[in-house]
Each structure stands twice: as C-alpha cells, then as structure tokens.
Amino acid sequence: MSDISEHLRSPGVDFAEHVHGSHVALGKEIANKRAIYLDTKFWILLRNANRNEGTIASKELLAQLRQAVDATRIFCPISPAVFMELLRQDSMASRLATADLIDHLSKGCTIINTEERIRIEIEDFIRCMAELPRSQAPKTLVWRKLDYVLGVQNISDPMFDPEKDLRSRKPSLITYGHHRCET
C-alpha cells in the first residue's frame, strides 16, 4: 500500500495522472478474472447463507463462489447502485455482514459508475473512428477499489503547502485494506 512518502517522491505525477495510472494497474491485475455481477437480492441471499440462515441452494451457490474467488478465477464486483441499495438494510448488523461478504467476494473491486463508463466508451469510439491511438482498452479503465465505489474525490486544503497537499491527495487506488486483486 502506498503512503504519503511514496507520493512525495513523485512530484511530477499529479492527482489525475495518479488516478488514471491506478485504474490501469488495477484493470491489468484483474484482466484474467471473470467478473460475476450480483444484484441486491443475491447479495442478501448470500449474506443469509453466510449466516447459515439461507436455503440449501443459496449455501451451495455461496460455496461455489467462494471457491472460485479463492482460486482467483472470478471476483464479484459491486456497482455504485448496488452499494446504495445495500445501505438501506434495516440493521447495522446486516449491513456489516453484507459488507464483510462483499469485501471477500469482490476482492475489494468495484465497477465505476455508468456516466464514467459511457464517457470512456464514447472517447474510445471517437479515437477508433478517427484512427487515433487508444490510451487503454475501455475494459482496463472501468475498475476501482471498493473504497472508491462512489467516485474519487479531489479535495484540497489551502492551509497545507501546495506540493505536500498534492501528494497527500493521491489515494492508494490499487490496494484496499488487506486485499489486493491478485491475478
């Protein structure tokens, strides 16, 4: 996991470049894994199975997903929309149980929001039609670490030295907690 000292050693890399580089690196890390998208209903069914409260079928599905995730063949990313729906669960205990399961099955990865995906696809289409070089394939740029499921914020504090403020705003977009999207 990078820290501020790493960013202080890279003064030539601004915030936008850092974010872009992090998206590319994460996209490359998970390029050989299959993404399995689950809607809110399935996350809740799997959470209940994880609590030993679900049906036999949901427990079997959870076991198969865990096995495939642990074998690094798949991951189950969530979207910003699913994240917001899951926040509506009645109890803190159920939200925490669901979050723990998401953390494991997603390997800490999420897909970016729809507007950002559309912008990336349109830019790629225009580059292809104009026969301009592509910076990256769109599928490389659509992944983000789970703690940035609602987007990457660029908040500055004018009280800090401008150089140190820039470095401190470069988040660690590749690692999340104890997880790393391994290939």
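Given the structure is predicted, the values throughout are model-derived calculations rather than measurements.
Expressed to the nearest 0.5 Å, how far CD1 of Ile102 lies from SG of Cys109 amounts to 13.0 Å. To the nearest 0.5 Å, atom OG1 of residue Thr72 and atom CD1 of residue Ile30 are 12.5 Å apart. Note that the CE atom of Met84 and the OG1 atom of Thr40 stand 11.5 Å from one another [nearest 0.5 Å]. The distance from atom CG of Leu132 to atom CG of Asp124, rounded to the nearest 0.5 Å, is 11.0 Å.
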Worked verdict on Leu61 versus Leu45 for side chain to side chain contact (heavy atoms under 4.5 Å, CB included): CA-CA 10 Å; Leu61 176 61; Leu45 286 171; over 6 Å; no
Pair His104-Asp100, side chain to side chain contact (heavy atoms under 4.5 Å, CB included): steps then yes or no: CA-CA 6 Å; His104 180 77; Asp100 185 53; over 6 Å; no
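For the pair Trp143 and Ile112, the minimum side-chain heavy-atom distance is 4.5 Å or more. The shortest distance between side-chain heavy atoms of Leu101 and Leu62 falls below 4.5 Å.
With sequence neighbours excluded, the residues that form a salt bridge (charged side-chain N to carboxylate O under 4.0 Å, His left out) with Arg127 are Glu123. Applying the side chain to side chain contact (heavy atoms under 4.5 Å, CB included) criterion to Glu53, with sequence neighbours excluded, gives Asn48, Arg51. Contacts of Arg117 classified as salt bridge (charged side-chain N to carboxylate O under 4.0 Å, His left out), with partners at least two apart in sequence or in another chain: none. The side chain to side chain donor-acceptor pair (under 3.5 Å) check on Asn52 picks up Lys59, with sequence neighbours excluded. When the side chain to side chain contact (heavy atoms under 4.5 Å, CB included) test is applied to Ile118, the partners found at least two apart in sequence or on another chain are Thr114, Ile122. Remark: Leu38 pairs with Ile36, Phe42, Trp43, Leu46, Leu65, Cys76 by the side chain to side chain contact (heavy atoms under 4.5 Å, CB included) rule, at least two apart or across chains. The side chain to side chain contact (heavy atoms under 4.5 Å, CB included) check on Thr55 picks up Ala57, Ser58, with sequence neighbours excluded. Looking at residues two or more places apart in sequence or on another chain, you find a side chain to side chain donor-acceptor pair (under 3.5 Å) between Arg66 and Asn50.
Minimum interatomic distance between Arg95 and Gln89 (heavy atoms only, all atoms of both residues): NH1-O, 2.6 Å. Taking both residues in full, the closest heavy atoms of Lys107 and Val69 are given as CD-CG1, 3.6 Å, listed atom of the first, atom of the second, then distance. The two atoms that bring Thr98 and Arg47 nearest to each other are OG1-CD, 3.1 Å, heavy atoms only.
Leu96 belongs to a hydrophobic cluster with Met92, counting contacts under 4.5 Å between side-chain heavy atoms of Ile, Leu, Val, Met, Phe, Trp and Tyr, direct or through other members.
Pairs passing the ring-ring contact (aromatic ring centres under 6.0 Å, His included) check and including a residue from residues 110-136, sequence neighbours excluded, do not occur. Listed by first and then second residue, the salt bridge (charged side-chain N to carboxylate O under 4.0 Å, His left out) pairs that reach into residues 70-87 come to none, sequence neighbours excluded.
One N or O on the side chain of Thr110 and one on the backbone of Ile78 form a donor-acceptor pair closer than 3.5 Å.
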